[in-house]
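Accompanying notes for the structure given below.
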Amino acid sequence: MDSAEIRSRFLRFYADRGHQVVPSASLLLDDPTLLFVNAGMVPFKPYFLGEAPAPYPRATSVQKVVRTLDIEEVGRTTRHASFFQMAGNFSFGDYFKEEAIPFAWELLTKSVSDGGYGFPEEKLWATVYLDDDEAIDIWHKKVGLPLDRIQRRGQADNFWSMGVPGPCGPCSEIYYDRGPDHGRDGGPVADEDRYLEVWNLVFMQNIRGEGPGKEGYPIIGDLPAKNIDTGMGLERMAALLQGVDNIYEIDTTRGILDRAAELTGAKYGKDHKSDVALRVIADHARTCAFLIGDGVLPGNEGRGYVLRRLMRRVIRNMRILGAQDPTMGELIDATVLTMAPQYPELNDEANRIRQIAVAEEGVFIQTLKAGITIFDTAASKIRSSGGTTVSGEQAFTLHDTFGFPFDLTLEMAAEQGLEVDEVGFRSLMGQQRERAKADARERKSGLTTSTAYREILEHGGRTAFTGYSEVDSEATIIGLVSEGATIAVAAQGDHVEIILNRSPFYAESGGQLGDRGRIITNTGCVADVYDVQMPVAGLFVHRAEVKRGEFTQGLSVEAHVDIYRRRAISRAHTATHMIHRAFREELGDTATQMGSENAPGRLRFDFPSPKAISPTVMQTVEGKVNEMLLEDLAVTAQNMTQEQARKMGAMALFGEKYGDSVRVISVGDWAHELCGGTHAQRSGQLGVVTFLGEGSIGAGVRRIEALVGADAYQFLAKEHILVSRLTDMLKVPADQLPERIERTINSLKNAERDLDRVKAAQLTASLDDIIGIGEDIGAIRCWIFQAPTTIDAAQMRDLVMKAKGRNRPEIPVVMFGTLIADGKVSAIATANEKAVELGLGANQMLQAALACLDGRGGGKPDMAQGGGSNINGVDEAVAAVKALIATKAAN
RNA sequence: GGGGGUUUAGCUCAGUUGGUAGAGCGCUGCCUUUGCAAGGCAGAAGUCAGGAGUUCGAGUCUCCUAACCUCCA
């Protein structure tokens with residue numbers, strides 16, 4: 001049975017039993033505690049937490065999931081994977097254990113011809129939580145599982161929670177006995193390799209308190225509603241049903257693995273080392289494709305870094321297997337081929353994913369090249385100094401600073417007959433980890449602020465957003481927060497965060513800035529709102545300054561949005577959608593929005609592109625957008641299912657919200673896009689859209705900035721005035737300005753160069769005037785002079801060097817010059833080789849002089865410079881220098 | 001978020017304890033040469049990432065900012 005069939009049987013089974021089939025959510029959900037969706041229940045979290053009412057009592061899904069906690073284990077064991085799919089059924093206060101257990105049993109044991117998975121009943125075992133007799137009864141009496149195949153386990157194994165205070169509950173796991181060949185008798189308690197966990201049923205009924213880990217917390221109460229959350233690993237199920245040994249050999253993963261083998265000439269199953277490499281490649285390549293597909297770009301922090309690390313492990317392993325040329329593109333193609341039957345969107349995104357993966361491969365090859373050079377230099381140094389070991393510190397620097405993989409260091413060292421201090425390296429890595437962790441602990445204090453918001457949310461409920469249809473709303477204050485803590489009252493002059501039960505204010509999200517405006521009471525209290533944020537889902541926090549009166553919890557207020565600002569922002573937001581659409585028409589669907597900011601009259605739009613956007617494309621896109629403004633298209637908002645939105649061709653951004661109802665903004669029939677923001681009513685209201693420019697904000701990402709409406713007009717008007725002034729000044733038509741200015745700059749440059757030349761020539765010509773005719777003190781020819789104030793210290797230095805060079809090298813020559821400027825005196829001394837041989841260095845002369853000038857300075861025997869503040873000491877300094885020369889000349 | 005690193009000519013990079021900003025490749029011109037990533041001579045090209053400070057003097061030392069690379073969370 002192939003993976004696609006296992007998947008559709010699961011969904012069909014639960015759909016037939018009244019479950020809403022929910023498509024897999026994006027791997028990137030707006031959850032600050034999670035890098036990626038790491039369990040099937042994550043998209044449903046708000047329903048379990050009571051943050052939002054569940055739109056259906058029961059649901060089923062096959063959710064894509066990424067876990068990167070132990071990527072080191074991937075490929076070495078049979079069951080670790082960074083990407084997998086969780087099939088699950090969920091009940092939100094609807095059915096409970098009595099139905100969840102028989103459901104799972106029925107699907108597992110029903111015959112294949114009948115739509116089930118056809119497991120023999122006698123091979124299945126179950127575990128339950130210690131005192132969960134209820135579950136044992138259901139397993140034994142209702143399902144008919146013999147008591148000797150039901151085992152009790154403790155909190156660590158059979159009690160589920162999210163690791164933080166919140167819902168939790170006992171669970172029951174179903175195991176498949178692979179037979180005595182795979183291990184010893186005794187059920188899952190005895191051997192988890194022989195007895196393979198296939199399904200975990202969570203009975204979510206309690207509330208967990210504070211405490212660490214899987215066991216160190218108390219249970220502080222019962223949930224108001226009992227929920228069901230189950231998870232069946234699709235890959236593990238496929239491995240069993242396809243009779244293969246591990247999850248890398250099932251139909252989907254095997255396709256990628258075989259392609260990797262083909263590209264490198266490796267044979268799977270021949271030796272352990274290359275098998276591990278092939279499995280890592282197959283697993284990681286797929287994860288990369290899905291991450292990029294959901295909008296992650298390789299980077300050096302957060303999600304981007306995880307992606308980069310995975311990709312580099314793929315490339316590194318391909319090279320270990322012998323690949324010489326770039327292979328990322330082929331691996332991505334193979335992934336799309338095996339996974340698209342289940343995820344058709346991969347086909348649509350294939351080009352973009354490929355492009356990003358190939359670009360990152362190029363970056364890594366550069367990194368490797370640089371690293372190899374550095375390694376070779378270090379290695380030859382080690383050998384030339386008689387060493388035999390690459391120190392832990394050196395290996396760490398290669399890895400930490402230059403991104404050079406440690407295993408590659410080991411390999412290259414071995415080739416050159418060197419050892420590597422692995423213990424030292426590991427210890428340095430540990431230290432780095434400690435630093436980062438210590439820092440993370442420090443920062444934890446900042447997170448406590450969200451508890452105040454959560455409490456308000458719990459008692460007051462979510463803020464109802466009224467801003468799509470009105471800009472003035474009546475509301476009640478359900479919370480006041482200052483510096484992360486709830487306060488009772490905010491007085492005049494206070495900065496406070498006001499939380500309302502309903503609000504017309506838009507809270508910053510989707511790139512659209514929060515609204516500004518006022519919150520007032522009929523008793524004359526006024527607060528100016530300068531920003532609106534949503535720190536936890538569903539809670540609108542109005543950051544405000546109290547201008548008059550006092551605000552207290554429970555107060556009835558009126559909320560008024562600054563409509564001029566709102567309209568200017570809405571116009572910018574509509575413009576962003578249109579620009580997005582126009583870029584995709586021009587550059588293809590790889591030009592997907594990566595981020596944006598919609599401010600009053602102004603917008604930023606970021607999207608991936610391997611190179612700068614040409615002026616032609618910029619002009620075409622700008623022209624197209626403005627053309628559509630003239631069409632005066634109606635801008636409409638509609639709620640629909642994700643399926644309908646997809647059919648409509650709506651552009652979808654990553655990080656979409658859970659639930660299957662989405663809001664689609666349409667500009668005429670031209671641009672459709674998922675969006676929760678506010679918009680103009682017709683495209684004509686935008687007036688004008690003007691691009692300010694295009695630039696890079698990181699590897700492979702370009703940013704467009706543009707102005708909209710009155711701001712665009714003002715910008716254009718200003719520019720027009722500027723151009724008129726320029727044409728006026730230069731007396732040429734506007735279209736000849738660039739050439740004219742270029743010419744002017746060139747001739748100016750030439751003139752400056754000529755001037756420099758003339759000055760230099762003049763200086764050379766007047767060289768003798770400045771330095772005088774020189775004198776001989778003994779055998780030493782010397783020039784001692786005071787330079788005119790028309791030259792500066794640097795010129796004096798050039799002068800002296802030039803003058804020195806004019807002399808024949810066999811005569812000892814020294815020069816000493818002073819220059820008074822800005823109340824300070826600078827001095828320069830020089831000596832040729834012959835003079836230095838006589839023991840007369842430039843530095844010596846300088847030091848003799850500086851003593852009289854209250855100055856400091858230094859240099860080398862052939863040239864020295866310095867200065868001081870005593871301008872009256874010049875004569876004395878000259879005398880001292882002459883005296884020194886005389887002494888040396890006498891020797 | 002915390003470390004480490006980089007930023008100097010169009011490109012790739014040197015630059016010692018602070019003391020005249022360099023090399024190779026490329027470019028321009030001339031010469032030589034029948035071939036090729038040819039040879040010779042000459043030349044142009046730099047806000048030393050930006051800002052502040054220390055100093056007689058900063059590419060070099062200190063602080064701040066930015067961009068990029070990289071590791072860890």
Side-chain angles (χ1 to χ4, degrees), chain A residues 32-33 35 68-69 298-306 308-309 312 360 362-371 373-374 377 393-406 409 425-426 428-447 695-701 703 746 749-750 752-753 756-757 792-805 815 818-830 841-843 846-847 849-851 853-871 873 877:
Chain A
T33 63
L35 229 40
T68 53
L69 205 63
N300 47 19
E301 52 181 40
R303 293 163 170 167
Y305 181 60
V306 172
R308 169 166 287 172
R309 201 154 55 138
R312 293 192 167 186
E360 175 65 13
V363 171
F364 187 46
I365 289 169
Q366 280 306 113
T367 301
L368 285 179
K369 252 191 215 162
T373 313
I374 294 166
T377 324
E393 206 169 320
Q394 284 169 315
F396 180 73
T397 306
L398 271 166
H399 169 74
D400 181 69
T401 304
F402 303 106
F404 201 64
F406 180 65
T409 301
F425 172 81
R426 304 259 173 234
L428 285 166
M429 284 299 287
Q431 284 172 29
Q432 153 141 276
R433 256 180 221 119
E434 263 319 299
R435 268 200 304 274
K437 275 189 185 150
D439 173 70
R441 275 195 294 274
E442 290 270 309
R443 256 181 325 118
K444 272 276 163 61
S445 53
L447 281 178
S696 160
I697 56 162
V701 186
R703 168 169 292 172
N746 276 338
K749 241 179 163 176
N750 286 335
E752 275 174 353
R753 213 175 32 230
D756 278 348
R757 225 174 262 156
D792 63 23
Q795 284 171 317
M796 178 165 71
R797 188 187 57 212
D798 290 343
L799 203 83
V800 164
M801 299 312 287
K802 194 169 278 171
K804 185 175 76 166
M815 309 185 91
T818 54
L819 172 69
I820 295 171
D822 300 331
K824 286 193 253 182
V825 52
S826 29
I828 183 152
T830 180
N843 216 352
L846 186 74
Q847 294 307 332
L850 288 177
L853 299 171
D854 294 345
R856 298 194 337 193
K860 292 179 285 188
D862 66 319
M863 212 280 297
Q865 47 196 309
S869 50
N870 180 17
I871 56 175

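The chains referred to below are lettered A, B, ... by the order of the sequence lines, with proteins before strands, and numbering in each begins at 1.
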| Backbone N or O of M429(A) within a donor-acceptor pair of the Q432(A) side chain at under 3.5 Å? |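 Such a contact is absent between Q432(A) side chain and M429(A) backbone.
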
| task | Would you check if there is a donor-acceptor pair between the side chains of K824(A) and S869(A) at a distance under 3.5 Å? | result | no

Q) Mapping M863(A) and G867(A) onto RNA chain B by nearest heavy atom, which one lands closer to the 5' end? A)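 Upstream on the strand: M863(A).
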
Residue pair D862(A)/H399(A) against RNA chain B: nearer the 5' end by closest nucleotide is D862(A)

- prompt: If you round to the nearest 0.5 Å, how far is CG of N843(A) from CD of Q865(A)?
  reply: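 Those atoms lie 10.5 Å apart.
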
Between the OG1 atom in T830(A) and the NZ atom in K804(A), the distance rounded to the nearest 0.5 Å is 3.0 Å

Using purine N1 to pyrimidine N3 plus N6-O4 or O6-N4 for Watson-Crick, or N1-O2 and O6-N3 for G-U wobble, each under 3.5 Å, what pairs with [N]?
N	answer
U54(B)	none
A37(B)	none
U20(B)	none
U7(B)	A66(B)
A42(B)	U28(B)

Spacing of [X] atom [atom1] relative to [N] atom [atom2], expressed in whole Å:
X	N	atom1	atom2	result
R433(A)	G2(B)	CZ	P	19 Å
E393(A)	G4(B)	CD	P	13 Å
I365(A)	C69(B)	CD1	P	16 Å
Q865(A)	U20(B)	CD	P	7 Å
M429(A)	G4(B)	CE	P	15 Å
Q431(A)	G4(B)	CD	P	13 Å
F402(A)	G4(B)	CZ	P	13 Å
R856(A)	G19(B)	CZ	P	15 Å

Taking only the [atom1] atom of each, what is the distance from [N] to [M] in whole angstrom?
N	M	atom1	value
U8(B)	A58(B)	C1'	14 Å
A52(B)	U16(B)	C1'	27 Å
G10(B)	G46(B)	C1'	12 Å
U32(B)	G24(B)	P	24 Å
C64(B)	C25(B)	C1'	37 Å
C27(B)	C69(B)	C1'	29 Å
C63(B)	U55(B)	C1'	16 Å
U17(B)	U6(B)	P	16 Å

I'd like to know if Q432(A) reaches the base of G2(B) with its side chain such that a donor and an acceptor end up less than 3.5 angstrom apart. yes

Donor-acceptor pair (no angle test) under 3.5 Å: D400(A) side chain, G5(B) base: no

In short, P298(A) meets E360(A) closest at the heavy-atom pair CB-OE1, 3.3 Å

- So, for R856(A) and L850(A), which heavy atoms are closest and what is the spacing to 0.1 Å?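 Looking at all heavy atoms of both residues, the shortest contact is C-CD1, 3.4 Å.
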
Which of the following nucleotides, [options], is nearest to the side chain of [X]?
X	options	result
M801(A)	A73(B), U20(B), G57(B)	U20(B)
R312(A)	C71(B), A21(B), C56(B)	C71(B)
R308(A)	U70(B), G3(B), G57(B)	U70(B)

Between [X] and [N], is there a contact of a side-chain N or O with OP1 or OP2 at under 4.0 Å?
X	N	result
R309(A)	U70(B)	no
K860(A)	U17(B)	no
T367(A)	U70(B)	yes

| request: Would you please classify the geometry between the F425(A) ring and the H399(A) ring as parallel, tilted or perpendicular, with 30° and 60° separating the classes? | output: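 Ring orientation of H399(A) relative to F425(A): perpendicular.
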
- Task: For R797(A), answer base if it contacts any base atom (sugar-phosphate contacts may also be present), sugar-phosphate if it contacts only those atoms, and nothing otherwise; contact means non-hydrogen atoms under 4.0 Å.
- Result: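 Counting heavy atoms under 4.0 Å across all strands, the contact made by R797(A) is with sugar-phosphate only.
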
**Request:** Using a 4.0 Å heavy-atom cut-off across all strands, classify G855(A) as base, sugar-phosphate, or nothing.
**Result:** nothing

